[in-house]
Amino acid sequence: MRRLWANHRKLVIAFAVMVVLAAGFLIRGFVLVPPRGDPTRPVAAWMTPGFVVHTYHIPPEVVGEILGLTPGEHRRQTIAEIATAQGAIVTDLLAELQAEVDARRPPGLPQGDPPPGPPPDGGE
Amino acid sequence: MIAEWSQTALALVPEWGGWLILSVTFLSCLAFPLPASLVMLAGGAFTASGDLSLIVVAGAALLGAVAGDQVGYALSRAGGGPLWQRLAARPGTGALMTRAVSDLARRDLLAVFLSRWLFSALGPYVNLAAGMTRLDWTRFTIAGVAGEAVWVSIYVGLGYAFAAQIDEIGAAMANVAGGLGASAVALVLGRMLWRAAREERDDSGTKGEDGA
């Protein structure tokens, strides 16, 4: 063993470093940052209208109205781009969308579940 | 919470679509430190939201990855020979590396296949080693395409199924991928050390009575 250290010191160090790295990464991956499916995740500027509809279960008409899209229009742009194109402030649009999300998904709802039944405001 | 740089990456996915996904997987297979897994997860998620087409996302990711592997292999095959000669001629580690590479050659299909997805952190380096040591191109390509198809399916599929959690899944998967990559390197190094230790024991054994 001592000879191994004398003859292949770099290899022994590299092996030890890799074992420590492997353990560290795997513990982080499986224990510290596993997906929790946080239902309170805020609406973000990188999301598209379609993404908001899909993720937060909000009718496309409601999202389209807040973002000022014409009915039936499906934009592949992000909320940030839409705000820029319309001269709107992105944080205002996000706040409006977030208010809609919060209204439809009240706190205390089991994690990840969509809101039950039709929306309370009858957002047609 | 999503880091600033990942938000930027995520915002580019719907805008540039397949071209971005193709470029990122291509460069990441050449060892450029780009968030290929997050971009593929986002591609899957924007497929689920109806912004991108699944065929475009999966096709671009696969095409980029396979092209990146091929370029890495070809460059290393064309120019890596002398470097390999020098590495293999080094006293001590040279012999150990030669044996590690002959192990790789013996299990070439499995090594190339698994280093595309399970040990994806090692993919670019396996490409270099494969080209440098002139691993058979057809076998490299078959195993490479199959492995990349698995890699793309996992990430695009997870993004599609769990669109709301792509950042969390991305963070967890990046750590798991790093851990698996480090484990694979540790296994290879451990095997090299084990052999070296056994040889040294045999050497000293011949002086005593344990001459096996």
Side-chain angles (χ1 to χ4, degrees), chain A residues 1-57 60 63 74-81 111-112 114, chain B residues 1-2 6-17 42 45-52 91-93 96-97 121 158 162-194 196-197 199-201 203-204:
Chain A
M1 210 58 190
R2 203 168 290 160
R3 261 213 270 170
L4 203 63
W5 173 248
N7 295 340
H8 302 291
R9 189 166 301 181
K10 282 183 193 163
L11 216 57
V12 173
I13 293 171
F15 174 71
V17 168
M18 283 300 152
V19 169
V20 171
L21 276 180
F25 275 127
L26 290 176
I27 289 169
R28 257 179 75 90
F30 284 114
V31 183
L32 301 182
V33 288
R36 288 179 183 80
D38 182 6
T40 60
R41 144 190 324 272
V43 180
W46 58 265
M47 296 175 181
T48 59
F51 191 95
V52 174
V53 169
H54 177 78
T55 308
Y56 299 100
H57 311 284
V63 174
H74 188 85
R75 290 228 205 164
R76 214 173 80 179
Q77 285 178 309
T78 60
I79 296 170
E81 287 175 309
Q111 284 205 343
Chain B
M1 272 299 114
I2 309 183
S6 358
Q7 299 222 20
T8 311
L10 289 171
L12 292 175
V13 175
E15 194 183 344
W16 293 3
F46 286 118
T47 299
S49 66
D51 291 299
L52 297 173
T93 44
L96 295 176
M97 283 182 70
L158 280 174
F162 304 102
Q165 288 141 268
I166 48 174
D167 54 324
E168 291 181 324
I169 294 173
M173 295 285 276
N175 281 295
V176 171
L180 288 172
S183 306
V185 175
L187 274 176
V188 171
L189 292 176
R191 196 177 156 86
M192 287 163 82
L193 283 172
W194 173 256
E199 274 166 22
E200 276 162 18
R201 207 176 46 219
D203 280 353
S204 55

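Just so we're on the same page: letters track the sequence lines, and every chain starts at 1. Note that the structure is predicted; figures quoted are calculated from it, not measured.
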Counting heavy-atom pairs under 4.5 Å with chain B, the top scorer among Thr55(A), Asn7(A), Val12(A), Thr48(A) is Thr48(A)
Next on the checklist: Ring-plane angle category for Trp46(A) and Phe46(B), please: parallel below 30°, perpendicular beyond 60°, tilted otherwise.
Outcome noted: perpendicular
Pair count under 4.5 Å, heavy atoms only, with chain A: among Ser183(B), Ala48(B), Gly170(B), Gly181(B), highest is Ala48(B)
Taken to the nearest 0.5 Å, the spacing of Phe51(A) CZ from Leu10(B) CG works out to 8.0 Å
Rounded to the nearest 0.5 angstrom, the CG-CD1 distance for Asn175(B) and Ile27(A) is 11.0 Å
Correct closest heavy-atom pair for Val176(B) and Gly29(A) would be CG2-CA, 3.9 Å
The interface call for Trp194(B) against chain A, heavy-atom contacts under 4.5 Å, is neither
The interface call for Leu158(B) against chain A, heavy-atom contacts under 4.5 Å, is neither
All heavy atoms of Leu26(A) vs all of Leu180(B), minimum pair found to be CD2-N, 4.0 Å
Hey, can you pull the donor-acceptor pairs under 3.5 Å for the side chains in residues 15-22 of chain A, sequence neighbours left out?
none

Across all chains, not counting sequence neighbours, the salt bridge (charged side-chain N to carboxylate O under 4.0 Å, His left out) partners of Glu15(B) are none
In terms of heavy-atom contacts, Ala44(A) and Gln7(B) come closest through CB-OE1, 4.3 Å
Rounding to 0.5 Å, atoms CG (Asp51(B)) and OG1 (Thr78(A)) come to a distance of 10.0 Å
